[in-house]
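A quick write-up on the structure given underneath.
Since the structure is predicted, the reported quantities are computational estimates derived from the model, not experimental observations. Numbered from 1 within each chain, the chains take letters A, B, ... in sequence-line order.
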Amino acid sequence: MSGADSFPKLLLENAARIGDRPACREKDLGIWQTWNWAQVADEVRALACGLTAIGFQPGDKLIIVGDNRPRLYWAMTAAQAVGGVPVPVYQDSAAKEMAFVVDHAEARFALAEDQEQVDKLLEIRETVPRLEQIIYSDPRGLRNYGQDFLHSYDAIQETGREYDGANPDFYEQSVAGGKGDDTSVMLYTSGTTGNPKGVVLTHDNVMRTARNNQEMEKLTEDDEILAYLPMAWVGDHIFSFGQNFTAGFCVNCPESAATVMQDLRDIGPTYFFAPPRIFENILTTVMVRMEDAAPIKRRLFHYFMELAQRAGTRILDGKPVSATDRLLYALGNILVYGPLKNTLGFSRIRLAYTAGEAIGPDIFDFFRALGINLKQLYGMTEASVFITLQPDGQVDPETVGTPAPEVEVRIADNGEVLFRGPGVFREYYKSPEATAETKDAEGWVHTGDAGLFNEAGHLKIIDRAKDVGKLVDGTLVAPKYIENKLKFFPNIKEAVAFGNGRDHVAAFVNIDLVAMGNWAERHNIAYASYQELAAHPQVLEIVRQHVEQVNRDLSQDPNLGGSQIKRFLVLHKELDADDGELTRTRKVRRNFIADRYAELIEALYSGQDECHVETEVTFEDGRKGVVAADLKIVGAETFPVAAELKKAS
Amino acid sequence: MTQHERAIGDTLLKVDNISLGFGGVQALSNISFDIREHEIRAIIGPNGAGKTSMLNVINGFYHPQEGAITFKGEVRRAMRPHVAAKQGIARTFQNVALFKGMSTLDNIMTGRNLRMHKNILWQMLYYGPARTEEMEHRRRVEEIIDFLEIQAIRRVPVGKLPYGLQKRVELARALAMEPELLLLDEPMAGMNVEEKEDMCRFILDVNEQFGTTIALIEHDMGVVMDISDRVVVLDYGRKLADGTPDEVRGNQDVIDAYLGVPHDEGEA
Amino acid sequence: MLYREAGQFKTGYNTDQSIFPIRQDRWAIALFLAVAVVAVPLVIDDYWAKAVLLPLLVYAMATLGLNILVGYCGQISLGTGGFMAVGAFASYKLTTAFPDLNLIIVLLLSGCVTAAVGVLFGLPSLRIKGFYLAVATLAAQFFLVWLFNKVEWFYNYNATGQITMPPREVFGFLITGPEATPAATYLFALGFLIVFGLVAKNIVRGRVGRMWMAIRDMDIAAELIGVRPLMAKLSAFAVSSFYVGVAGGLYFTVWFGAVEVTEAFDINQSFQVLFMVIIGGLGSILGSFLGAAFLVLMPILLKNFMVNWLGVAAVTAKHVEITLLGVLIIFFLIVEPHGFARLWQILKEKLRLWPFPY
Amino acid sequence: MGDSLLYFIEVTIGGLLAGVMYSLVALGFVLIFKASGIFNFAQGVMALFAALTLVGLMEKLGVPAWVAIVMTIGVMILLAWLIERLVLQHLVNQDPIILFMATIGLAYVLEGVGDLMWGSDVKALNVGLPDGAVDWMFDLGIYVTKLELVAAATAAALVAVLAVFFQRTRIGRALRAVADDHQAALSVGISLRTIWVIVWSVSGIVALVAGIMWGSSSGVQFSLSLIALKALPVLILGGFTSIPGAIIGGLIIGVGEKWAEIYLGDYIGHAIENWFAYVLALAFLLIRPQGLFGEKIIERV
């Protein structure tokens, strides 16, 4: 076990211990340029000394903005080495958003990847004069800029080497002066409301969570990871920076955003993270591409994928599988799974995580069925990522696993998930009130998410805490949980569930015009508009089946089983951001909808079979009009709740 | 990093009273102009004005009947194109002249031909100096690929590329020669607006980053007026005007013969 | 399907530009070479050596050579038979004039002599192109055959006009003459092919190869990037003729042992090799091997099938064979004008993308 | 002195007569190349095939010569149609070298089929052409056979007929147009495929004539197909697309070859006619790369 308590110290240790092993790679000029630990240590040292030479003081912040590049990662350690704090910023944020961070962090120094970022920083510098020096990594297009506060990375390193030569003890002393509870990084999180908050994490925070997870998952220096998610995001910071140091594995930076998929295939990482959205996109691409394959190949693919759904996940979890299936799965591995994983770049994955939002069980199972050890975790910036995660062999698409090592999790009385552990952030930078609001005196952090533990001790996140309600009989209702379940059906585009303070749950549904339109075409059902298709009896029947499937699922859960959907209706129009029903990021605005369609809600709870509605809508060209419809209200079967069954038997 | 590197230098190429004819057709008569170091020089004129013929004379493909060309202080009437290449003149063509059977990478590598010297015996072994040389030049070529942002098509046979990208590969091949004078024959012909903008940026970047002198033929007046330092106007093989974009724009002969279009279009 | 490329990333240009950048290809080629070098010599007999393997190796060598000229440099030549004759007679003269000279040296020198002759006959390529050049190279074919037939010095003034290879040893193994073992002759020829196959690949993937391809694809543009057409074309003629010359030398020394020029190296020889180039695939080293293998093996199979299975008379079988050969060639040109190399390329691409169609 | 002058005249006339034959074969090449850009290597074998068919029909079926000739013409037209149908149609837009290779494949097929049908032994061909020396010339001391004269006359007649065909008839004009511009040819109202069939038929008939002439003098056997090789230097000299070039070129080659054989043969060895023509043509080409009637091409960039 390493004795280093800060990343710069750990770097020196790695350079001494595994100096000739690759630390990072970048696809540049057509090949994977590689740096070993000893080289990285040199590069960081030169940069750190260079920073000092141009006036970087302990406590100074270094804004880092750009795509995932080794040089930018090195800059993090360099800033830390001389007592400063790196502040990575989302590379796609606009100058105005970036200006807030630069200003709030009181940064005097910034490192930009290229001309695009330099231009933004120059713009910011006009309103935030505190920003003094700007360093750029890629000189392209910057030849004639000429400002004296603008430095090239190479020049800074050159200066640094001179400085190092003149002050040979400086760097070691500076590194030795660092402590575990020094701030190691500040990550700004964009909350849904208000300005971003700067989450302050210490070396201890990052290093201990990184190390705990590394030990749990047995990550070694032979692992490979692809760094392609924003450096300002805590996940990248832990996976591509923290664990890069603690486990000593190699971080690979893609050539450009456009080539990520190709680079993924090149590298074939053993350790991989992607948000559900990316897995979903990959699955869609796979299916679309397979549609164009020759019929024999297509049939082969579907046959073996079916087999994989049946046997693959069980094999992965070490559960019993019949010998025939095992044999067939092995054959499938040669014919389909192996080549498929290979073309996607997933051949070598030992460990893959997804997190951030609920992942569709179909998507989740698809990848696991292929033999990819994909697991869910639950985390946040304030926890240095890990709160809970799924241990090997105990994976369930519904839950996010058990508490991470050294992390305690409990559910507050209002259903909110609380945690504390080694990764808990120190504070929100310059916001003591916000800090106090989130972190109580005993160190418990309020996540804002509502969740519950199942019998196996796995945490299930059901909704935002503030959205969770109760039926009049006290049964818990998590609208988003129910809505997500509905939305996993391709035919359903949006859903809004109600139930707080009512005697049962009811829902609005939007059908997916593309998916249902396809279905209608195949079944020769003519329709002129969304409204017409939505009101079609067969469509209602399909939706009813989906709703009942959701009810059946819900009934398995002793805690939420009571919140099954008794009645629903399919809305006569698509929920639209132009009408204020959705946010611009396409999230349902529950309260607004409840007000706007109050009569429909009344109808759902009054026992009517039909309800007339007139709604003002905004058309694409900005005109306004009124749509009127008589909506059918459909009842759905509900099922006995699992736990109750047990009691009954 | 300072402004003066972009500063225009001495005369690099001087064209003196060039006349060129094919059979009965007089393609160029008595053309004289000069190109200075580091400048972007546009040659414009209506179809059949002799623009391409002019470029062909400069890089030795056509041999003029009269007149002389002075390049880097050396006077000559005619030379073989490969000699022109050796002296540092590279060019692209109106209709892309790539090597269709080769990949993007190989096409650009051919541009390094003159700078590679290891003989065939070393190459047979693909070892030692020959391999080292090959790798060094591959690296240079990769820098150009990076510069022109064509990484994604490195291994694609150029015949399969869309037109706009082919033009970019052709520019890459010319750049690989590290020329002192780069002749571009309608680098933006047949491109959409976005591709044109990209190409403009690349031309300016090349000029700025490498200090390459550029002579270009282009029909898009907006582009010409935007990026060139000086413009020479040809019509029916004669020189009509010569000067800065503003001077040329104001020249009555030019307006009559060629720029019969309103000026605001030219500035778009 | 068989490829597992994920994780085979390149950290240097050396590995990126290697001949077989994919690991699975390296395994396959290693396995193939192991079989060819170790297993085949254990089981080879005289029939297999003389009727199948030596023809294959000799023609593969000649095809490599011609492909360099036609496939890479775009200069059509119909003089291959004549150049093979130069190689054969050069090796005969050299080995009889210097009996102690190592056969390897003899063959290499024969290649050099042929290269020189090739350059001479390549000179017209500077002025003429395409089919004009093809017809011009026929001059080489007819002139050279006439020369070796007419000038007695070339066959050491013997009465028959035939040249006969005396027995020669290489590293203590008898390689030529009737006493040489099939395995020894086979391995000797195989060694040449492996070494020169590699050399050919090295040349075409380097500067010289690109120069040739530039001339082939667009000679005007090639000149404007500084390629001297003279150098490019003549070097292609030289290298190509070297290979063809060595092939001719092998043809005479290890395969037949005795040849009569008008029979052995007539114009059909030229066409034969050109067919191998086209069917194998223009501008492909692998294609050269495949094309040679196909056109050597197919007539043998056809003949065996007709004579041994169908009981067709040998003479009729010969005519049917010629007809079928013609039909097959036309069929191949229609189905895949770019030859086996392209077919393999397509197949490989499919295997790499499996199970996806694109 | 008189003897050597007479000998010179005899040689020259012999050369001219042989040259007419070369022209005839070269004409077959030119027709096809002009109309379709195909270098038809099977031209020689077509002559062999035609002659074999003719002999076969006469021997095996015992039909009179003129009937056999008409039937053979029918076979050659059928052959042209088959070639278009089975081969060319599938190779449209391929590289010239691929088409060239296909014609070599075609040569193999024709040779094999001809031999299979009619046997590969040497056959005498007699369609009633006169034989023996031309008496009045023989009296002058010049040996020229009647057959040679008839052959030359026939060839000349054929060339004249073709010239008329190309200049005066609608189809002929279309054929000439197609060489320059496929679109233009289509506008005449004849499909490209029809044109190809016609061209191949015509050159099949030309091949038949050549086959009859050569077969009458030296028998029908495989070597007959090699006359095609003799005609190739004519093509270099006269150009692949020029009909006058083919005629003049043929004569030059014929005469040059004979002169060389007689006057150079003693110094450099005999049997040089196989290659001398090529060297002659090449030497000419190095001086004038565009050939006899070619125009200087200005390459545009």
Side-chain angles (χ1 to χ4, degrees), chain C residues 70-71 74 76 78 82 121 123-124 126-147 149-151 219-221 224 267-268 271 274-275 277-279 282 315-316 318-335 337-339, chain D residues 33 39 41-42 86-87 89-91 94-117 119-120 226 229 232-236 239-240 268-283 285-291 299-301:
Chain C
V70 184
I76 307 173
L78 297 175
F121 281 96
L123 283 172
L126 304 178
R127 300 292 300 261
I128 56 183
K129 294 175 183 174
F131 287 122
Y132 287 89
L133 178 64
V135 173
T137 55
L138 276 175
Q141 171 68 42
F142 293 123
F143 174 75
L144 290 169
V145 169
W146 172 84
L147 187 72
N149 194 30
K150 213 74 195 169
V151 181
D219 52 355
I220 294 167
L224 292 172
I267 188 166
N268 281 319
F271 289 139
L274 190 55
F275 272 136
V277 170
I278 305 267
I279 290 207
L282 284 164
V315 180
T316 318
K318 185 77 200 151
H319 294 155
V320 174
E321 186 192 312
I322 290 175
T323 313
L324 278 182
L325 193 61
V327 170
L328 266 175
I329 284 165
I330 293 174
F331 177 76
F332 255 95
L333 292 175
I334 290 172
V335 173
H338 302 284
Chain D
F33 193 85
F39 181 14
F41 198 80
L86 299 177
V87 184
Q89 194 192 332
H90 304 283
L91 287 171
Q94 288 296 350
D95 280 346
I97 188 171
I98 301 295
L99 285 155
F100 170 58
M101 285 283 115
T103 64
I104 300 183
L106 188 64
Y108 281 30
V109 175
L110 290 180
E111 186 193 328
V113 170
D115 283 349
L116 273 179
M117 284 171 68
S120 56
L226 297 179
L229 298 176
L232 292 180
V234 177
L235 292 180
I236 316 191
F240 275 83
I268 58 170
H270 288 279
I272 57 172
E273 76 272 5
N274 264 340
W275 57 269
F276 182 78
Y278 285 93
V279 175
L280 187 68
L282 260 184
L285 212 56
L286 290 180
I287 302 160
R288 204 179 142 81
Q290 63 269 35
E299 285 186 89
R300 278 200 60 83
V301 199

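Of the listed residues (C:L126, C:V70, C:V320), the one with the most heavy-atom contacts under 4.5 Å to chain D is C:V320. Interface remark: of the candidates C:N149, C:I278, C:V335, C:T316, C:I278 forms the most heavy-atom pairs closer than 4.5 Å to chain D. Taking D:L229, D:V279, D:T103 one by one and counting their heavy-atom pairs under 4.5 Å with chain C, the maximum is reached by D:L229.
Residues D:F41 and D:L106 have side chains not in contact (no heavy-atom distance under 4.5 Å, counting atoms from C-beta outward). Side-chain contact between C:F121 and C:T137 is absent, with no heavy atoms from C-beta onward closer than 4.5 Å.
With a threshold of 4.5 angstrom between heavy atoms, D:L282 approaches chain C through side-chain atoms but not through N, CA, C or O. In this structure, no portion of D:L99 lies under 4.5 Å from any heavy atom of chain C. Only the side chain of C:L282 comes within contact range of chain D, with at least one heavy atom under 4.5 Å from a heavy atom of that chain. Of the atoms belonging to C:L133, not a single heavy atom falls under 4.5 Å from chain D. The part of D:L235 that comes within reach of chain C is its backbone (N, CA, C, O), which places non-hydrogen atoms under 4.5 angstrom from that chain. At a 4.5 Å heavy-atom cutoff, D:A281 makes no contact with chain C through either its backbone or its side chain. Neither the backbone nor the side chain of D:F276 comes within contact range of chain C; no heavy atoms are under 4.5 Å apart. At a 4.5 Å heavy-atom cutoff, the contact between D:I97 and chain C is made by backbone and side-chain atoms alike.
Ring planes of D:F100 and D:F39: parallel class, angle under 30° (limits at 30 and 60°).
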Quick one: side chains of residues 324-333 of chain C, donor-acceptor pairs under 3.5 Å with protein atoms, not counting sequence neighbours, listed by atom name and distance.
none

Q: Test C:L78 against C:Q141 for side-chain contact (heavy atoms from CB on, under 4.5 Å), laying out the working first.
A: CA-CA 7 Å; C:L78 297 175; C:Q141 171 68 42; over 6 Å; no
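Applying the side-chain hydrogen bond (donor to acceptor under 3.5 Å, both in side chains) definition to pairs two or more places apart or across chains, none involves residues 320-334 of chain C.
Between D:W275 and C:F143, the distance from one ring center to the other falls under 6.0 angstrom.
Across all their heavy atoms, D:F240 and C:Y132 have their closest contact at N-OH, 3.0 Å.
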